[in-house]
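Only one structure is covered here, and it is reproduced in the block below.
Computed from a prediction, not measured in an experiment: that's the story for all the values here.
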Amino acid sequence: MTIKYTPDHEWLKVDGDTAVVGITHHAEDALGDVVFVDLPEVGKTFAAKDIAGVVESVKAAADVYMPVTGEVTEVNEALRADPSLANTDPLGAGWFFKVKLANPSELDALMDETSYTSFSANA
């Protein structure tokens, strides 16, 4: 399993031609207490960088971008019911959606953990 990161502070856990997507610790920390998530529709196809959802906190609202081109295959209904999971476990139970990759080579443009750690320290 490979983990990649975007400049918009989303993460992807890639397993074969499917990726689980969520927001990073940096994103949830900047947002504060998450109170609402708008998740994409299962079966909908997005291009990379399309807005796939919204996360709202007590401080702000932020778009969640599709990190790669693909079709949403599942959304995290537990997150919809308890948006605070995005704060308490952003890299685990707080995942947002799963996507079937249309073009796996797009992953090459994303950051690995070392690059993302350096990037987010300067963000």
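- With hydrophobic clusters built from ILVMFWY side chains whose heavy atoms lie under 4.5 angstrom apart, Phe119 does not share a cluster with Leu107.
- Just one residue in the list Lys4, Met1, Lys98 forms a side-chain contact (heavy atoms from CB on, under 4.5 Å) with Lys13, and that residue is Met1.
- Residue Leu12 forms a side-chain contact (heavy atoms from CB on, under 4.5 Å) with just one option from Thr2, Thr6, Val20, and that option is Thr6.
- Val64 has its side chain out of reach of Val37: every pair of non-hydrogen atoms, C-beta onward, lies at least 4.5 Å apart.
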Could you please spell out the steps behind the side chain to side chain donor-acceptor pair (under 3.5 Å) verdict for Ser115 and Asp112?
CA-CA 5 Å; Ser115 298; Asp112 63 15; 3.0 Å; yes
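- Residues in residues 19-38 take part in these side chain to side chain donor-acceptor pair (under 3.5 Å) pairs, two or more places apart or across chains: Thr24-Tyr116, Glu28-Asn87.
- The heavy-atom pair separating Met111 from Pro7 by the smallest distance is CE-N, 3.5 Å.
- Proximity of Asn76 to Phe96: side-chain heavy atoms (C-beta onward) are nowhere separated by under 4.5 Å.
- In plain terms, the two heavy atoms of Leu31 and Lys59 that are nearest each other are O-CE, 3.3 Å.
- Hydrophobic clustering keeps Tyr5 apart from Phe97 (ILVMFWY residues linked when any side-chain heavy atoms are closer than 4.5 Å, directly or through intermediates).
- Looking only at distances, no side-chain donor or acceptor of Trp95 sits under 3.5 Å from a matching main-chain atom of Val21.
- Between Pro67 and Ala48, the shortest heavy-atom distance links the atoms O-CB, 3.9 Å.
- Across Phe46 and Ala52, no two heavy atoms sit closer than the pair CE2-CA, 3.8 Å.
- Lys49 contributes atom NZ, which lies 13.5 Å from atom CG of Asp63 (distance to the nearest 0.5 angstrom).
- Cluster membership check: Leu39 shares its hydrophobic cluster with Val42, using side-chain heavy-atom separations under 4.5 Å among Ile, Leu, Val, Met, Phe, Trp and Tyr.
- Side-chain atoms of Val14 and Val68, non-hydrogen and from C-beta on, never get closer than 4.5 Å to each other.
- Rounding to the nearest 0.5 Å gives a distance of 7.5 Å between CE of Met66 and CG of Asp50.
- The CG atom of Asp17 lies 9.0 Å from the OG1 atom of Thr73; values are rounded to the nearest 0.5 Å.
- Among all heavy-atom pairs drawn from Leu79 and Ala86, the shortest one is CD1-N, 3.6 Å.
- Within the 4.5 Å cutoff, no side-chain heavy atoms of Trp11 are placed close to those of Glu113.
- Pairing each heavy atom of Glu106 with each of Thr69, the nearest pair is OE1-N, 2.6 Å.
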